[in-house]
Protein chains: 2
Amino acid sequence: MPDKHIVYHIPVCPFSQRLEILLALRGQEDAVEFRVVDITKPRDPELLAKTRGTTALPVLETPDGTILKESLVILRYLDEVIEGPSLRRSDPAEHAVESMLVAQEGPFTMAGYMFVMNRDPEQRGGHLEKLLNLYRSMDDFLKAHSSEGPFLFDSFGLAEAVFTPMFKRFWFLDYYEDFELPDTPDYARVRQWKEACMAHDATKQVSKEEIVKLYYDYALGAGNGALVEGRKVSSFAFDPPWQARPWPPKDKYSTSASDAELGLVA
Amino acid sequence: MPDKHIVYHIPVCPFSQRLEILLALRGQEDAVEFRVVDITKPRDPELLAKTRGTTALPVLETPDGTILKESLVILRYLDEVIEGPSLRRSDPAEHAVESMLVAQEGPFTMAGYMFVMNRDPEQRGGHLEKLLNLYRSMDDFLKAHSSEGPFLFDSFGLAEAVFTPMFKRFWFLDYYEDFELPDTPDYARVRQWKEACMAHDATKQVSKEEIVKLYYDYALGAGNGALVEGRKVSSFAFDPPWQARPWPPKDKYSTSASDAELGLVA
């Protein structure tokens, strides 16, 4: 590559962490320049022109100026152009198998985000059951294609890079919804996979504390940098840094912490 | 490949036509054995065991017995293993561009199917607007990445194989909803693309007459082989053959033709 690729992203975004995981696995962290976009402010007009009006992130700009969108498109692109062993399996049938697991990620992500954003205690059971169904479906898939584990194939690969950022975001469910995978055989294989994914050295870009603090507003039903009623600062604000803030209240259904209580006022 | 691949499919299914288009482009129609599944009957238990309970079609069985699901996963798999020039662009950035267009297919397909299945005349305008928005978004994409045309790149490729079966299914909108792409500049590029896709020799597996007759039940709101109230035979029935049946009534909102009127009684 003649020049650097540029990724425009939100630092804690799971779709962007996939790309960081790929680069970490290759030891190529410097092959891409990450430029931070503050989603609590209006979008830079120059970037908006490049993306032809869409605001979804991340987007990648190639050295020749082509704009690529869609996290999985960008991940597969970098997998082809960045030096080093590829994430995807080279065997076409094995690649098809990992792609089938990757295809389960959309509903899984949707279920987890709808669950954390839910504001109605009556709906809680339905969200929980939906997410557990998807975990069981992943368990079934992993048992059928990879009964031994821990990974789908012999090492951390494409499916792991796609799911791990979601497993880490779902710390918000552990914290705000007391979510735990049941300790029963129908979740054993997916639990083993999830734990191996989360423990892998290439996936340490975020911590539970960071996720829980930044995603507090999601737990109150406000996504994508939207402001919770009565608040002036988003929990995604860069300043004050999350390290300097207290942990938010765990109870999302009956309390709504103020900016001051969240440490968002400098 | 030591042996044949087997695809279990519904003959008129758009997700299956993608695979047929790939084989036709390569002159490899015999590389895959297609086995017909009658969705108006209970699923064969042996096939159900192979697919571990899911009933979505098509599924592909590799010579070594691996079961692959998801139309795009199967298409990309066959693109890698079937002899001949591949559908996908070999250049990674060009492949990413075609993959971005492919990512628009899900919402496009959903919009067209929801439109044809809609039973409420009051909702018609909303469905139409949604579909037109998606056509304009495709037009914008094609203008940005391929202003000349007719195809996204220099020949019929991956994105064309993905979309063409949907363009042909949407004959049901022309017939049952009097749908036409407006003759204005914001649809000119996508119209050119759509026409080139539909005219290509490798895409002649279905005709307008076949689609309109078989999908009549969709126009009455009954999908996937479900029976319309008062009817005993699905419009997807193999017998009598569609060639022997009259064209269904165009008016889907206030009439519901009987089995006899549809030529479904032998």
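The chains referred to below are lettered A, B, ... by the order of the sequence lines, with proteins before strands, and numbering in each begins at 1.
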I'd like to know whether [atom1] of [X] has more than 12 heavy-atom contacts from other residues, nucleotides or ligands below 6.0 angstrom.
X: B:D64; atom1: CG; value: yes
X: A:K130; atom1: NZ; value: no
X: A:E29; atom1: CD; value: yes

Completion exercise
Pair count under 4.5 Å, heavy atoms only, with chain B: among A:P92, A:G53, A:A144, highest is A:P92

Completion exercise
In short, B:E80 meets A:H95 closest at the heavy-atom pair OE2-CD2, 4.2 Å

Practice task
Please name the pair of heavy atoms, one in B:A96 and one in A:V73, separated by the smallest distance, quoted to 0.1 Å.
Solution key: O-CG1, 3.4 Å

Handout entry: Interface moiety of A:D140 toward chain B, non-hydrogen atoms closer than 4.5 Å
Key = both

Completion exercise
Whatever's closer than 4.5 Å to a heavy atom in chain B on A:I67 counts as backbone

Practice task
Select one option (side chain, backbone, both, neither) describing which atoms of B:S99 are under 4.5 Å from chain A's heavy atoms.
Solution key: both

Handout entry: Value rounded to 0.5 Å, distance of NE2 in A:H145 from OG1 in B:T66
Key = 7.5 Å

Exercise for the section: Find the distance between CE (A:M100) and NZ (B:K69) and round it off to the nearest 0.5 Å. Expected result: 7.5 Å

Practice task
In sequence, state the C-alpha distance, the side-chain angles, and the governing distance for A:L68 and B:V97, and then conclude on side chain to side chain contact (heavy atoms under 4.5 Å, CB included).
Solution key: CA-CA 7 Å; A:L68 304 181; B:V97 167; 4.2 Å; yes

